[in-house]
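Letters go in sequence order (proteins before strands), and every chain restarts at 1.
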Amino acid sequence: MFRKVLVANRGEIAVRIIRACRELGIRTVAVFSDADRQSLHVRYADEAYCLGAAPSRESYLRADKIIEIAKVCHCQAIHPGYGFLAERADFALACQDAGLNFIGPRPSAIAAMGDKAVARATVSRAGVAVVPGTEGEGALSDEDLLALAPKIGFPLLVKATAGGGGKGMRQVNSLEEMPSLLQSARREAESSFGDGNVYLEKLVDGARHIEFQILADDQGNVIHLGERECSLQRRHQKLLEESPSAFVGEDDALRQAMGAVAVRAAQAVEYINAGTIEFLVDHKKQYYFLEMNTRLQVEHPVTEWVTGVDIVKEQIHIAQGKPLHYHQRDVSLKGWAIECRINAEDPYQHFMPSIGKITHMTLPSGPGVRVDTGVYPGCEISPFYDSLISKLIVWGKTREEAILRMRQALDEYKIVGVRTNISFHQSLLHSPEFMRGQFDTHFVEEKFNLDKANDGKDYHPEIAAMIATLVTNRQAQQAAQFVQQKPRNTSHWKWLNRREWQRR
Amino acid sequence: MFRKVLVANRGEIAVRIIRACRELGIRTVAVFSDADRQSLHVRYADEAYCLGAAPSRESYLRADKIIEIAKVCHCQAIHPGYGFLAERADFALACQDAGLNFIGPRPSAIAAMGDKAVARATVSRAGVAVVPGTEGEGALSDEDLLALAPKIGFPLLVKATAGGGGKGMRQVNSLEEMPSLLQSARREAESSFGDGNVYLEKLVDGARHIEFQILADDQGNVIHLGERECSLQRRHQKLLEESPSAFVGEDDALRQAMGAVAVRAAQAVEYINAGTIEFLVDHKKQYYFLEMNTRLQVEHPVTEWVTGVDIVKEQIHIAQGKPLHYHQRDVSLKGWAIECRINAEDPYQHFMPSIGKITHMTLPSGPGVRVDTGVYPGCEISPFYDSLISKLIVWGKTREEAILRMRQALDEYKIVGVRTNISFHQSLLHSPEFMRGQFDTHFVEEKFNLDKANDGKDYHPEIAAMIATLVTNRQAQQAAQFVQQKPRNTSHWKWLNRREWQRR
Amino acid sequence: MKYVTTLQEQDYLLEIIDDEHLRVGDRVYQVDFQAIGDQQFYSLLVDGNSYEAQVFPADDGWHVILQSRLYSVCVEDERDKQLRLASQGSLNPHGEFLLRAPMPGLIVSLPVFSGVKVQKGDVLAVLESMKMQNELRSPRTGVVTRVRVNVGDNVEQKQALLSIE
Amino acid sequence: MKYVTTLQEQDYLLEIIDDEHLRVGDRVYQVDFQAIGDQQFYSLLVDGNSYEAQVFPADDGWHVILQSRLYSVCVEDERDKQLRLASQGSLNPHGEFLLRAPMPGLIVSLPVFSGVKVQKGDVLAVLESMKMQNELRSPRTGVVTRVRVNVGDNVEQKQALLSIE
């Protein structure tokens with residue numbers, strides 16, 4: 001049994017993991033950067049150690065320091081969360097070498113799935129359909145790619161093999177424009193990942209991004225926990241996720257078929273622990289393997305709620321060499337769960353990140369509402385890490401109930417001090433396309449307009465005018481009171497001084 | 001269909017009902033006293049009207065004003081919540097007369113169950129075992145009671161027929177002391193309820209308080225939603241509730257037998273809507289009807305979580321004349337739910353209520369955690385209403401997981417500005433008796449000692465000494481800085497004045 | 001107190017009669033207006049209807065977020081409005097605009113250089129912060145003058161990046 | 001700075017060496033002490049162990065709630081302690097105690113009257129507030145002197161109810 005686990009992460013996911021450990025009676029060790037001393041994960045852990053300065057490379061990416069702390073504290077295991085070191089095969093290997101249990105897959109599986117071109121080739125050999133493209137392993141020259149492109153057909157995508165987050169990615173509409181786009185994609189990939197390798201993939205138009213949660217133990221059991229709908233994205237960042245997917249819906253045959261393929265893809269790399277197989281699904285319900293995320297996902301709570309499986313506790317359980325608590329036949333999706341990612345960014349200013357101190361926060365609560373958060377009233381949002389500050393997850397018996405509940409929860413959620421995308425989510429939840437469940441991965445960027453999203457309904461310009469006027473009047477009154485005090489303040493300094501003292 | 005519902009209550013239960021209505025697409029009307037203008041229920045409702053001054057009799061008990069507002073606003077129904085007007089047959093009748101739907105039972109059922117002696121006689125005639133005592137209807141004289149007492153046996157309880165909250169209740173150990181105790185009980189009942197009638201009940205020693213949630217529609221369907229364990233009380237106020245009960249546990253035959261009796265008791269008064277049958281259960285698993293609460297209970301969320309039934313939505317559904325969504329066979333208890341009532345009171349000062357402004361609040365969150373609350377950071381806790389400010393409910397796959405999760409949630413729950421009983425709950429959750437599930441209704445008052453509850457474990461006097469010293473030192477430093485500034489402040493008033501201005 | 005409040009090019013004439021009454025145009029409303037917890041959000045009861053809004057100061061008035069919709073509102077008292085209209089002819093909308101970094105970060109792209117003409121909405125710089133690339137855009141048409149940073153620079157919050165004239 | 005800190009009749013000698021180091025008796029600890037959000041709660045890292053506590057001022061020092069346990073702690077610097085010990089003989093613990101209402105409410109019972117002798121812990125008055133009957137108890141042995149209220153009175157917060165001498 002693990003007695004102590006180091007959580008090599010920060011923010012909401014570190015809090016999520018610490019909660020799971022404490023509920024299992026496992027002591028937790030947090031690590032933190034100078035910017036995070038007052039963060040919830042530091043406060044909630046049993047022990048906490050500083051890694052260094054705020055930038056990630058001086059703190060949360062310092063694999064050496066993290067392993068050193070884990071050893072000194074006599075931890076048995078390290079949970080990497082997501083991001084930072086979670087998908088670094090070398091870190092998983094270093095843990096292993098240090099005698100520490102890495103709560104995740106084997107280094108070989110991370111490496112195999114980390115190179116996107118290798119991953120495609122591997123699962124393709126195992127009989128999993130991938131998006132048509134260059135399936136060959138290894139580096140392809142520009143000549144190779146230009147020769148292969150017409151066979152794949154245009155439009156297509158150039159993607160970085162080490163890729164992620166849309167960097168080193170280019171859409172190519174014709175052979176003519178391909179050479180220059182290849183060059184710029186390679187240059188961006190080189191500067192982002194230190195690896196200029198690229199591959200080609202057919203552009204699947206109007207596709208959905210649907211992914212399957214996988215759990216695998218080291219005794220050969222692999223199951224899936226159904227799908228998550230993740231098509232609502234902006235700049236390749238997921239914004240809102242659901243389980244089940246309205247597109248898969250009642251089509252349980254499709255669900256089971258895709259789930260079986262996802263299991264096969266995981267088996268192709270002898271996968272252990274929790275992971276996610278991402279698919280692109282076109283309108284004809286053809287699905288293609290996109291990539292595998294070899295870690296816990298941000299959006300794991302929606303799956304937890306509809307399946308009843310605590311994925312983080314299951315990860316810890318698996319890492320201790322125990323068999324899964326569930327068989328595939330135990331898993332069914334009950335009701336509907338939706339997650340909104342609450343980011344510190346201003347939806348009215350091109351989603352510009354927002355930093356500052358949270359001066360007030362009212363959390364939504366009540367039946368069917370879950371909040372996973374790493375912030376609290378009084379804490380500072382720093383510019384050093386990503387802008388995800390909280391996840392709001394709701395459950396309903398039906399998709400309709402879940403949507404109505406999410407709207408109510410978003411209404412209740414008040415954060416003052418930084419701007420957030422709460423009103424963006426509210427508009428999205430009111431859009432007819434979302435309500436009908438009809439959207440693809442381009443919906444948010446190309447078809448959703450925040451300003452027009454809810455014209456007509458709930459349009460109250462007169463009320464807004466009243467409120468702004470009343471705020472202005474209130475300020476004018478306060479200023480007037482202040483001006484009236486001024487003569488007294490300057491002429492009776494002793495009186496002021498007394499007041500000043502009392503106020504302290 | 002109801003289009004608009006008035007919520008005749010305040011605090012967390014008003015918020016709970018408003019949430020349910022909004023998720024059903026029903027508009028809500030809140031009512032509030034002068035003390036509650038900034039309360040959550042006023043902020044979350046679509047409409048809100050002031051009833052009057054802070055004391056309940058001038059606001060939340062003003063049935064006339066509430067019905068008037070409901071009519072003016074074109075409400076179809078009134079939800080009374082719990083407390084205030086919820087169990088007043090005359091209010092239910094007045095609603096009916098005004099053409100408003102009272103979301104609750106018929107006035108006759110409220111009246112029948114409201115007089116505790118009548119209720120005992122009614123269910124007894126229907127074959128439900130009651131705690132042995134005086135089952136006859138109507139007023140019994142002192143002579144009658146003194147004659148009946150020896151047949152019941154001592155010790156016994158004198159209880160007010162209009163009773164509640166322990167008022168007009170006396171324990172009698174012998175016939176000799178009975179006359180004077182009868183007199184004082186009648187006097188207290190008279191002054192508390194305007195009704196000096198009393199009845200006798202055998203004192204069941206070492207009993208548990210276990211209650212069954214009932215749902216009944218107007219088409220004759222009556223089901224129960226399993227039991228709640230409510231034995232943990234202090235001065236007849238419940239503190240912590242669970243579903244299922246560890247005492248009933250795996251004994252599903254007992255559960256179904258008690259449930260069937262509960263259904264029969266409800267049928268005896270042609271009950272409609274949600275209600276609760278309270279039982280006393282002795283250590284031999286003999287159970288006796290205690291009373292029926294003809295309304296939504298504070299502790300309904302634990303039942304909601306283990307059964308998956310949204311009781312408030314079901315109440316509204318029933319009130320519209322529709323059949324129950326559930327048959328008895330659909331109801332099973334899954335996992336374990338615990339509720340802690342978070343009261344604004346100081347467990348270290350004889351549970352003295354605490355009032356003031358909440359300056360900071362961090363809510364617990366994460367998987368399996370629900371908070372029902374009527375307060376938020378910045379709001380005032382006034383002395384006019386009861387001290388329940390929030391309910392913390394957790395769910396776990398097992399009782400053990402639920403307990404560990406509740407401990408973690410209580411640790412996370414931070415309220416500054418008023419004292420709360422959070423640490424009392426934490427101690428209770430660590431007590432061996434609670435962990436073993438072995439306690440009766442007298443446990444908290446007679447056997448649980450807050451100071452000794454968790455001796456040994458988590459005893460860190462040295463850390464407490466360090467923290468107090470560091471706080472003292474911090475204050476001394478701040479005071480020193482202030483004293484150093486003093487000469488400058490008094491001699492350079494212009495400079496101070498400039499500073500003062502800048503600070504505004 | 002009387003105000004002229006402008007919202008999406010429509011003027012509303014508001015008069016605050018007393019603490020509980022507000023006139024909009026010809027109609028008098030009963031209002032109960034409260035700041036919640038001394039924060040940037042407010043509760044308003046108008047003839048019994050309950051509204052809640054977040055209100056932030058903006059360049060030209062207020063941003064009001066009401067039921068998840070943003071309203072840009074400009075409030076002037078009557079005297080202000082007269083003064084502004086009288087002087088409008090002489091106002092010069094073409095002063096220098098100084099682009100400042102809205103937060104600390106890394107300059108990853110500077111698609112403009114001194115002397116370039118830009119339109120409103122053109123990208124002036126890309127700032128990487130919170131793991132996102134953020135496009136800083138021109139608020140109006142003009143000519144880029146002084147570019148004070150280079151690609152690869154780490155900049156502080158509010159640091160001047162370039163000017164538009 | 002050196003302190004003598006008393007907790008459950010045990011003295012701890014503490015020295016604050018610098019912002020990061022604290023000596024308790026003979027042992028030096030590395031500490032990182034932070035006030036969370038300028039509120040009454042604090043985060044303390046001691047040699048890596050993370051503790052959080054709420055700290056309230058109490059009559060005779062501090063109430064520290066740490067992991068759901070209440071500690072009454074008295075902190076004195078060394079000079080204070082010397083002074084207090086030197087003067088202890090002359091201190092009079094029998095001054096007048098004035099019982100005040102801890103909150104607004106209704107006096108529902110007054111089981112004592114002027115001249116009655118009471119023990120520490122005896123109920124002096126019962127105050128109904130927040131729908132609860134709250135027993136106000138004597139902090140020490142003494143004689144009830146001036147009873148200023150009657151049963152049925154509505155009292156304000158901090159209103160004087162009676163005295164004990």
Seminar exercise, completed: In terms of heavy-atom pairs under 4.5 Å with chain A, the winner among C:Val73, C:Leu70, C:Thr5, C:Val55 is C:Leu70

Exercise. Side chains of C:Arg69 and A:Gln426: does their closest heavy-atom pair fall under 4.5 Å?
Worked result: no

For this session: For residues A:Met352 and C:Leu136, determine if any side-chain heavy atom of one lies less than 4.5 Å from a side-chain heavy atom of the other.
Result: yes

Exercise. So, the side chain of C:Gln54 versus the backbone of A:Ile415: is there a donor-acceptor pair under 3.5 Å, distance only?
Worked result: yes

Exercise. How long is the span from the CD1 atom in C:Ile36 to the OG1 atom in A:Thr362, to the nearest 0.5 Å?
Worked result: 9.0 Å

For this session: Compare all side-chain heavy atoms of A:His350 with those of C:Arg137 and state whether any distance is below 4.5 angstrom.
Result: yes

Problem set entry | Heavy-atom side-chain contact between C:Tyr29 and A:Met466 under 4.5 Å | yes

For this session: Answer yes or no: is there a side-chain heavy-atom contact under 4.5 Å between C:Trp62 and A:Ile467?
Result: no

Exercise. Is there a donor in the side chain of C:Ser68 and an acceptor in the side chain of A:Ser427, or the other way round, less than 3.5 Å apart?
Worked result: no

Exercise. Does atom CG of C:Asp19 have more than 12 heavy-atom neighbours, drawn from other residues, nucleotides or ligands, at distances under 6.0 Å?
Worked result: no

For this session: Can you check whether anything in residues 418-425 of chain A gets within less than 4.5 Å of chain C, heavy-atom wise, and list it by number?
Result: A:Arg419, A:Ser423

Seminar exercise, completed: Applying a strict 4.5 Å limit to non-hydrogen atoms, the region of C:Gln157 in contact with chain A is side chain

Exercise. If you check every heavy atom in residues 97-108 of chain C against those of chain A, which residues fall under 4.5 Å?
Worked result: C:Pro102, C:Met103, C:Pro104

Problem set entry | Validation row: A:Tyr459, C:Gln67 side chains within 4.5 angstrom (heavy atoms) | no

Problem set entry | Part of A:Ile381 within contact of chain C (heavy atom distance under 4.5 Å) | side chain

Problem set entry | Rounded distance [0.5 Å steps], OG in C:Ser129 versus OH in A:Tyr385 | 12.0 Å

Exercise. Looking at A:Thr469, A:Ile355, A:Val416, which has the largest count of heavy-atom pairs under 4.5 Å with chain C?
Worked result: A:Thr469

Exercise. So what's closer than 4.5 Å to chain C heavy atoms on A:Ser56: side chain, backbone, both or neither?
Worked result: neither

Seminar exercise, completed: Ranking C:Val64, C:Leu7, C:Ile65 by heavy-atom pairs under 4.5 Å to chain A gives rank one to C:Leu7

Exercise. How long is the gap from CZ on C:Phe41 to NE2 on A:His360, to the nearest 0.5 Å?
Worked result: 3.5 Å

Exercise. Does a sphere of radius 6.0 Å around CD in A:Gln171 hold more than 12 heavy atoms from other residues, nucleotides or ligands, not counting ones at 6.0 Å or beyond?
Worked result: yes

For this session: Determine the minimum heavy-atom distance between C:Ala35 and A:Arg474, stating which atoms define it.
Result: CB-NH2, 3.3 Å

Exercise. Side chains of C:Glu135 and A:Phe351: closer than 4.5 Å at any heavy-atom pair?
Worked result: no

For this session: Before giving the answer on side-chain contact (heavy atoms from CB on, under 4.5 Å), spell out for C:Tyr42 and A:Leu470 the whole-Å C-alpha distance, their side-chain angles and the decisive distance to 0.1 Å.
Result: CA-CA 10 Å; C:Tyr42 299 89; A:Leu470 287 162; over 6 Å; no

Problem set entry | Part of C:Ile16 lying under 4.5 Å from any heavy atom of chain A | side chain

Seminar exercise, completed: Looking only at heavy atoms, the pair that brings A:Pro353 and C:Asn134 closest together is CD-OD1, 2.6 Å

Exercise. Ring centroid separation for A:His460 and C:Tyr51, is it under 6.0 angstrom?
Worked result: yes

